[in-house]
Q: 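Shown below is the structure under consideration.
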Amino acid sequence: MRTIYTLIAALLILSSVACSNGVPDADYVIISTPYGDMRVLLYDDTPAHKQNFLKLAYEGKYDSLLFHRVIRDFMIQGGDPNSLHAAKNAELGDGEIGTAIDAEIAYPKHIHKRGALAAARKPDSANPEKKSSGSQFYIVQGQRFSPDVLDQIEAKRNTRIKNEIFYKIQPYYQDSLKYYQDNGMSEELMDLQLRIMEKVTEMAEDKGLFTIPEEVREVYMTEGGTPHLDGDYTVFGEVVEGLDVIDSIAQVMTDMRDRPTKDIRMSIRVEE
């Protein structure tokens with residue numbers, strides 16, 4: 001009998017430790033809205049984002065916050081603590097709870113398919129490491145894409161990658177380019193430009209060009225999503241029940257800042 005009591009006591013201690021750090025052991029959360037509930041699975045292989053989301057939900061930090069940014073056929077966004085008591089004309093989107101989270105981007109395993117839960121973040125210019133917001137998140141509504149449009153997204157992304165590399169290495173060739181141009185040396189100028197572009201392509205291929213695998217293309221063609229965000233934002237969960245709630249919220253009237261004209265508040269609880 002003593003052994004049983006000892007085991008129970010040990011389990012209670014472990015349970016109290018788990019709760020003391022504010023991160024309950026769970027895989028699902030329920031996001032409640034005036035339009036219904038969404039049951040969301042949180043991914044195990046994005047542990048920092050999962051634990052942070054569970055902690056905020058467990059502590060009630062999301063309760064009564066707004067979905068402050070809604071764009072039809074794209075996504076619905078919330079989690080700004082400034083939205084709790086925000087006036088109707090207040091600009092939202094800069095509020096944070098806690099600090100930024102290191103990126104856990106797992107593309108192409110986790111993609112921006114319909115229902116994907118992902119972390120909002122500051123733009124690359126201020127956040128080259130793609131760190132996630134400490135509290136703001138978005139849920140993808142998206143739309144379906146044709147093969148041609150997916151090809152265009154892929155090409156546009158790779159052009160961006162090459163441009164970023166070009167602007168990094170271009171200063172090393174600036175003097176030679178200017179000299180050839182100023183002295184009318186068109187053949188030398190063209191030859192150097194070609195060599196620079198070959199170098200850019202080589203470096204881009206070494207870095208890894210962006211591709212949309214066939215299985216991912218199939219998802220975007222049939223289920224829909226927002227493929228242009230893949231690889232840039234951390235996807236850390238997905239809606240497994242209540243996809244229609246996303247559609248309902250996405251249809252509401254919004255102002256020039258994409259904020260719903262009628263407040264849409266949320267509450268999030270951990271499913272234990």
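Just so it is clear, the values below take in all heavy atoms, side chains as well, and ignore hydrogens, waters and symmetry mates. What you see is a predicted model, and the numbers here were worked out from it, not measured in a lab. The first residue of the sequence shown is numbered 1, and numbering continues consecutively from there.
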Q: Quickly, which of Val235, Ile139, Val140, Thr234 forms a side-chain contact (heavy atoms from CB on, under 4.5 Å) with Leu117? Name it, please.
A: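 Going through the options one by one, the only one that passes is Ile139.
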Q: Look at Arg157 together with Asp230 and state whether they make a salt bridge at an N to O cut-off of under 4.0 Å.
A: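 The answer is no: the pair does not qualify as a salt bridge.
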Q: For side chain to side chain contact (heavy atoms under 4.5 Å, CB included), just list the numbers for Glu272 and Tyr58, CA-CA rounded to whole Å, side-chain angles, deciding distance to a tenth of an Å, and then say yes or no.
A: CA-CA 10 Å; Glu272 297 184 79; Tyr58 188 72; 3.9 Å; yes
Q: Starting from the C-alpha separation in whole Å, work towards a yes-or-no answer on side chain to side chain contact (heavy atoms under 4.5 Å, CB included) for Met75 and Leu229.
A: CA-CA 11 Å; Met75 58 89 217; Leu229 298 181; 5.8 Å; no
Q: What do you reckon, is CE of Met185 surrounded by more than 12 foreign heavy atoms closer than 6.0 Å?
A: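 It does: Met185 CE has more than 12 such atoms within range.
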Q: Decide if atom CD of Gln181 counts as having more than 12 heavy atoms of other residues, nucleotides or ligands within a radius under 6.0 Å.
A: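 Atom CD in Gln181 is not packed in, count stays at 12 or less.
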Q: For a side chain to side chain contact (heavy atoms under 4.5 Å, CB included) check, start with the C-alpha distance between Ser135 and Tyr62, then their side-chain angles and the critical distance, and finish with the verdict.
A: CA-CA 9 Å; Ser135 62; Tyr62 285 121; 4.2 Å; yes
Q: Can you check salt bridge (charged side-chain N to carboxylate O under 4.0 Å, His left out) on Asp63 and Arg269, steps first, answer last?
A: CA-CA 9 Å; Asp63 292 350; Arg269 64 178 174 84; over 6 Å; no
Q: Flag the pair Asp80 and Arg259 as a salt bridge only when some basic side-chain nitrogen lies within less than 4.0 angstrom of an acidic carboxylate oxygen.
A: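 Not counted as a salt bridge, because no side-chain N and carboxylate O are separated by less than 4.0 Å.
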Q: Parallel, tilted or perpendicular: which fits the ring planes of Tyr138 and His112, with parallel below 30° and perpendicular above 60°?
A: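 Judged by the thresholds at 30° and 60°, the geometry between Tyr138 and His112 is parallel.
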Q: Considering residues, nucleotides and ligands other than Glu129, do more than 12 of their heavy atoms fall under 6.0 Å from its CD?
A: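 Counting neighbours around CD of Glu129, 12 or fewer heavy atoms of other residues, nucleotides or ligands fall under 6.0 Å, so no.
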Q: Ring centroids only, cut at 6.0 angstrom: are Phe67 and Tyr35 within range, meaning strictly under it?
A: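 Aromatic pair excluded; centres sit 6.0 Å or further apart.
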Q: Identify the two heavy atoms, one from Gly134 and one from Leu56, that lie closest to each other, and give their separation to 0.1 Å.
A: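 Heavy atoms of Gly134 and Leu56 come nearest at O-CD1, 3.4 Å.
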Q: Between CD1 of Ile153 and CG of Asn158, what distance do you get to the nearest 0.5 Å?
A: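 It is 12.0 Å, given to the nearest 0.5 Å.
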Q: Closer than 4.0 angstrom, basic N to acidic O: yes or no for Asp255 and Lys88?
A: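 No, no charged N to carboxylate O under 4.0 Å.
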Q: Is it the case that Ser32 and Asp37 place a side-chain donor and acceptor less than 3.5 Å from each other?
A: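 Yes, because at least one side-chain N or O of Ser32 sits under 3.5 Å from a partner of the opposite role on Asp37.
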Q: Between CG of Asp124 and CD of Glu164, what distance do you get to the nearest 0.5 Å?
A: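 Taking CG in Asp124 and CD in Glu164, the distance rounds to 7.0 Å.
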Q: Tell me, with the steps shown, if Glu215 and Val219 meet side chain to side chain contact (heavy atoms under 4.5 Å, CB included).
A: CA-CA 7 Å; Glu215 61 273 18; Val219 172; over 6 Å; no
Q: How are the rings of His49 and Phe236 set relative to one another: parallel (under 30°), tilted (30 to 60°) or perpendicular (over 60°)?
A: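 Tilted.
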Q: Judged by modelled atom types alone, do Gln193 and Tyr173 share a side-chain donor-acceptor pair under 3.5 Å?
A: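 No, no side-chain donor-acceptor pair sits under 3.5 Å.
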Q: Using a strict cut-off of less than 4.0 Å between a Lys/Arg side-chain nitrogen and an Asp/Glu carboxylate oxygen, indicate whether Asp182 and Lys178 qualify as a salt bridge.
A: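 Salt bridge: yes.
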Q: May I ask you to say whether Asp263 pairs ionically with Arg265, meaning some side-chain N is under 4.0 Å from a carboxylate O?
A: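 Judged by the 4.0 Å cut-off on N to carboxylate O distance, Asp263 and Arg265 do form a salt bridge.
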Q: Around atom CD of Glu187, are there more than 12 heavy atoms of other residues, nucleotides or ligands at under 6.0 Å?
A: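 Open.
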